Amino acid sequence: MIRRTLSRILLIATGALFVLGCEAQRQEAGGFPFKLPNEKPNRALSAAMERNYDAYLAPIPQENELYTQFKYTELKGFDYNDHDGTISRRDPSKVIFAKGKYYVWYTHRDSPTPPQGAAKCNDTIPSSDWDLCDIWYATSKDGFTWEEQGVAVPRPPKPNVGWRSVATTDILEWKGKYYLYYQGFQEASGKRGDDCPVAVSYADSPDGPWVAYNKIVIPNGGEGEWDQYSIHDPYPLVYKGKIYLYYKSDANGQPNLVRMQGLATADNPLGPFTKCPLNPVINSGHETTLFPFKEGIAALVIRDGNEHNTIQYAKDGVNFNIASMVTLMPNAGGPFIPDAFTDTKDGRGITWGISHLTTVTGWKTNHAILLRFDCDLSQDVNDIGMKRTHEYNKPEYYFKHGLNGKQKKRIEEENKAIQKAKK
Ligand code: AAL
């Protein structure tokens, strides 16, 4: 008892000393300045203020080159069969500019029915939105109106890699040739997770013809490793004289799928690719979107994990840190990155791209659409209209995010328990 009282007195005394110490420091240095200093002030700072200067490119988001809002525009030129779920376009590649126009590649599904799930799928009925797909492409003069050009990479004949579905592609330009990397499914997605490795096709022109390499270029990890089942969203850039291909994998298993991003590098687009020993290099995120920025690589980290809804930056392309917190991020963003393949030492950033929205009309008519996003993550643009920090949404938007039945029940029970306890 005496010991407890003594330690309580000690605790209170330490607390009081700490407060007095802080007050003495405050009086000596004066209160923190009203005008936020541009440079880190030479005074004792709280952890939050230390971080505000050390972790971000600027102490206010308006001046942080890696902070942005995102704006969206519906695309012209794509038909979706009245959105009945039989046509889907999703998971766009980066956008490139070649032969006087922009190019984008994407997963294209045209099936007799919308996806029916793994149990009901067959040779023509898809299990998921990205089952029984081919890779198509479209071109545009302005990035808003697109002309669909048709198939770039079809599903190869069985048993070649991707015979069941080729999906979620991305483009690399390397030494005058073009390479499309994509997920090559050997069985319907959903039969055994969403398992697949990565395959590649190459061409002399972005218009093809594309030659399938018909080999796995990024294999799944070994048994028990984080990427043992799937390599998703292959995303190549040219950095430090090499091909830096980032990808996503799922770990931990159901019901707690943890999605993270890894890196594999190569000197040749057809491999061999060496996985980074520090993988995973990003602890969160879903579809993979990165771009050269200054001397390093920046990443849009969406949807999954502790650090979802952040933009991250790695000076060395490997060790990523949070550079900003953002909202309404593009899903599966494929930005236009003029210096994606130039091996730049001073990446200029991005201002627009193509992304997707999934399950646009509900599960019965499940399909995805492509849309355009705009932002200011560029060293060369200073669009203050993209640097606001709040989103203004109508009440309907909030009420759409309502409680589910289970939650309503829990609250009802909590109320009853409180009533009972107070009686
Ligand atoms: C996505 C991507 C990959 C997954 C599936 C289709 O958006 O992460 O491509 O396999 O969902």
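For ligands, and for the atoms within them, numbers begin at 1 and follow the listed sequence. Here the structure is a predicted model, which means the values were calculated and not measured.
- If you check which protein heavy atom lies closest to atom 7 (O) of ligand 1, you get Glu287 OE2, 2.4 Å.
- For atom 3 (C) of ligand 1, the closest non-hydrogen atom of the protein is Gln183 OE1, 3.2 Å.
- When ring centroids are compared, Tyr246 and Tyr235 stay outside the 6.0 Å threshold.
- A donor-acceptor pair under 3.5 Å is formed between the side chain of Thr107 and the backbone N or O of Thr168.
- For the pair Arg89 and Tyr80, the distance from NZ or CZ to the six-membered ring centre is under 6.0 Å and the angle to the ring normal is within 45 degrees.
- Interface atoms of ligand 1 facing Asp233, defined by a heavy-atom separation under 4.0 Å, are 2 (C), 3 (C), 8 (O).
- Residue, atom and distance of the protein heavy atom nearest to atom 11 (O) of ligand 1 are Arg90 NH2, 3.4 Å.
- Under 4.0 angstrom from ligand 1, the non-hydrogen atoms of Asp91 all belong to its side chain.
- Of all atoms in ligand 1, numbered sequentially from 1 with element shown, those under 4.0 Å from a heavy atom of His286 are 8 (O).
- Under the 6.0 Å distance and 45° angle rule, Arg109 does not count as a cation-pi partner of Trp130.
- Residue, atom and distance of the protein heavy atom nearest to atom 5 (C) of ligand 1 are Trp130 CE2, 3.4 Å.
- Among all protein heavy atoms, the one lying closest to atom 10 (O) of ligand 1 is Asp194 OD2, 2.6 Å.
- Ion pairing between a basic and an acidic side chain is recognised when a charged N comes within 4.0 Å of a carboxylate O; Glu147 and Lys101 show no such pairing.
- Defined by atom type and a distance below 3.5 Å, a donor-acceptor pair is present between the side-chain atoms of Asp194 and Ser189.
- In this structure, the protein non-hydrogen atom closest to atom 9 (O) of ligand 1 is Thr168 OG1, 2.6 Å.
- For the 3.5 Å distance criterion, the side chains of Gln312 and Glu307 qualify, holding a donor opposite an acceptor.
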